[in-house]
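To keep things clear, I will list the structure first and then write my remarks on it.
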2 protein chains.
Amino acid sequence: MATTDKASPRDRLLDAAAELFYRDGVSIGVEALCRSAGVSKRSMYQLFDSKDEVLAASLERRRPWYEAQLRSPDSETATPRERIGYVFRRVEENAAAPGYCGCPYLAVLVELKDGEHPASVVARAAKELLQGYFEEQAEQGGAADPALLARQLMLIFDGASARAGAHIEHLDDGLVTRTVTTLLDAAGLK
Amino acid sequence: MATTDKASPRDRLLDAAAELFYRDGVSIGVEALCRSAGVSKRSMYQLFDSKDEVLAASLERRRPWYEAQLRSPDSETATPRERIGYVFRRVEENAAAPGYCGCPYLAVLVELKDGEHPASVVARAAKELLQGYFEEQAEQGGAADPALLARQLMLIFDGASARAGAHIEHLDDGLVTRTVTTLLDAAGLK
DNA sequence: CACCCTGTATACCGATCGGTTTCCTCACAG
DNA sequence: CTGTGAGGAAACCGATCGGTATACAGGGTG
């Protein structure tokens with residue numbers, strides 16, 4: 001889609017994989033995946049050992065981008081409260097976009113019930129990273145129990161992502177940010 | 001499994017479906033499903049039009065049980081706050097049980113990205129029912145904004161279910177009930 | 001030119017998918 | 001006893017699954 005034709009087969013494959021796995025689920029076939037990427041199955045199996053590895057690699061590839069997206073741009077001047085708020089404003093924005101299907105990492109963890117799956121490992125790491133970021137900010141902001149607050153924020157993050165992705169909740173009225181504010185206040189975050 | 005051999009093929013089928021779809025996901029095959037239920041494919045396709053209908057019916061069948069399970073036993077004397085707290089204590093208990101895979105309705109909604117799927121309709125109804133229950137209790141308890149509180153509680157419910165089901169969170173230390181208490185307090189629930 | 005090296009296209013593999021059909025057994029009604 | 005209908009066992013259907021192998025086209029480099 002956004003992938004140029006001059007990109008390497010590997011990049012085309014991973015970009016197509018990220019999009020298709022996200023939109024259609026992990027049960028999308030190798031045939032359809034390769035067709036969409038403009039890459040032959042031969043090349044795919046030359047670059048990766050299995051479809052599972054492609055899925056894992058596509059998640060891994062998106063991680064830095066996903067991470068950067070949640071990081072407040074005015075990272076230097078912002079307060080911890082602002083940085084946390086920024087994450088959830090992004091969630092509300094993303095959820096409103098057409099084609100939103102929730103957090104891709106959580107979706108993969110739910111779809112692949114197997115926690116040993118290579119893609120599950122990547123997804124779990126992404127989740128832990130965000131939780132670590134929350135905890136860091138909570139600590140910096142003087143929260144009474146930074147670890148607790150971080151876990152609470154993850155509950156909201158994943159609950160909101162899952163429900164918006166399943167289209168049983170609309171986050172366009174500040175539900176998430178208001179809820180987060182309540183938790184931040186209760187935690188004593190400056 | 002727990003199903004007796006004297007149960008009707010329909011009941012055996014739906015019980016096996018509920019268990020297998022929950023544990024292994026919706027991509028489980030009809031062959032395995034029928035084998036596990038001790039029912040021939042012939043009978044299955046005589047009772048239902050398609051595998052999708054079996055899935056939907058199995059969710060529908062579990063709904064009254066699921067619902068009753070979340071309803072406080074001392075329904076008459078309990079306060080709204082106690083009734084809401086009861087739901088989340090059940091979540092914490094269930095999540096600790098081996099083989100827990102999260103809320104089956106949310107899992108189905110995530111796995112079947114198609115919101116028009118018959119099973120998605122059933123799952124969505126189950127979710128709306130719980131949310132309605134929350135809203136009812138919130139109103140009865142004098143919450144400032146009952147609809148808002150109900151939606152907040154659903155965020156926690158689904159976030160906790162999904163994360164515990166994906167085994168990236170353990171709810172055995174009261175994380176959920178403590179978070180809920182914070183929200184109930186902020187909402188001014190008596 | 002020949003020689004690789006990538007990469008595409010495609011046929012193919014055995015297994016499984018959702019779904020249909022045939023056959024046969026067994027319980028019960030007359 | 002015979003008839004009848006329910007239901008299990010299993011063959012079978014075309015399609016698709018993940019994965020492999022063969023054949024061929026284009027672009028460097030000697």
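First the proteins, then the strands, lettered A, B, ... as listed; each starts at 1.
Backbone-only engagement by Val30(A) is indicated by non-hydrogen atom pairs under 4.0 Å involving sugar-phosphate atoms exclusively. Ile28(A) comes within 4.0 angstrom of sugar-phosphate atoms only, judged by non-hydrogen atoms across all strands, and of no base. Across all strands, Ser50(A) comes closer than 4.0 Å only to sugar-phosphate atoms, never to a base (heavy-atom distances).
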Each nucleotide of nucleotides 3-16 of chain D classed B (base within 4.0 Å of a protein heavy atom), S (only sugar-phosphate) or -, in 5' to 3' order, makes ----BBB-------

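Distance, Lys51(B) NZ to dT20(C) P: 15 Å, rounded to whole Å. Atom pair Leu13(A):CG and dT6(C):P shows a separation of 17 Å (rounding to whole Å applied). Atom C1' of nucleotide dG19(C) and atom CG of Leu33(B) are separated by 14 Å, given to the nearest angstrom.
Atom CZ of residue Arg10(A) and atom CG of residue Asp15(A) lie 10.5 Å apart, to the nearest 0.5 angstrom.
With Ile84(A) as reference, Leu153(A) is the one residue of Thr181(A), Thr177(A), Leu153(A) to meet the side chain to side chain contact (heavy atoms under 4.5 Å, CB included) rule.
Thr182(A) places no side-chain N or O within donor-acceptor distance of the main-chain N or O of Leu183(B), the cut-off being under 3.5 Å.
Contact check, Tyr45(A) against dG19(D): a side-chain N or O comes under 4.0 Å of OP1 or OP2.
Ion pairing between Glu92(B) and Arg89(B) fails under the 4.0 Å rule for side-chain N and carboxylate O. Classification of Glu111(A) and Lys113(B) as a salt-bridged pair holds, one side-chain N sitting under 4.0 Å from a carboxylate O.
Screening residues 132-141 of chain B for side-chain hydrogen bond (donor to acceptor under 3.5 Å, both in side chains), with sequence neighbours left out, gives Arg83(B)-Gln137(B).
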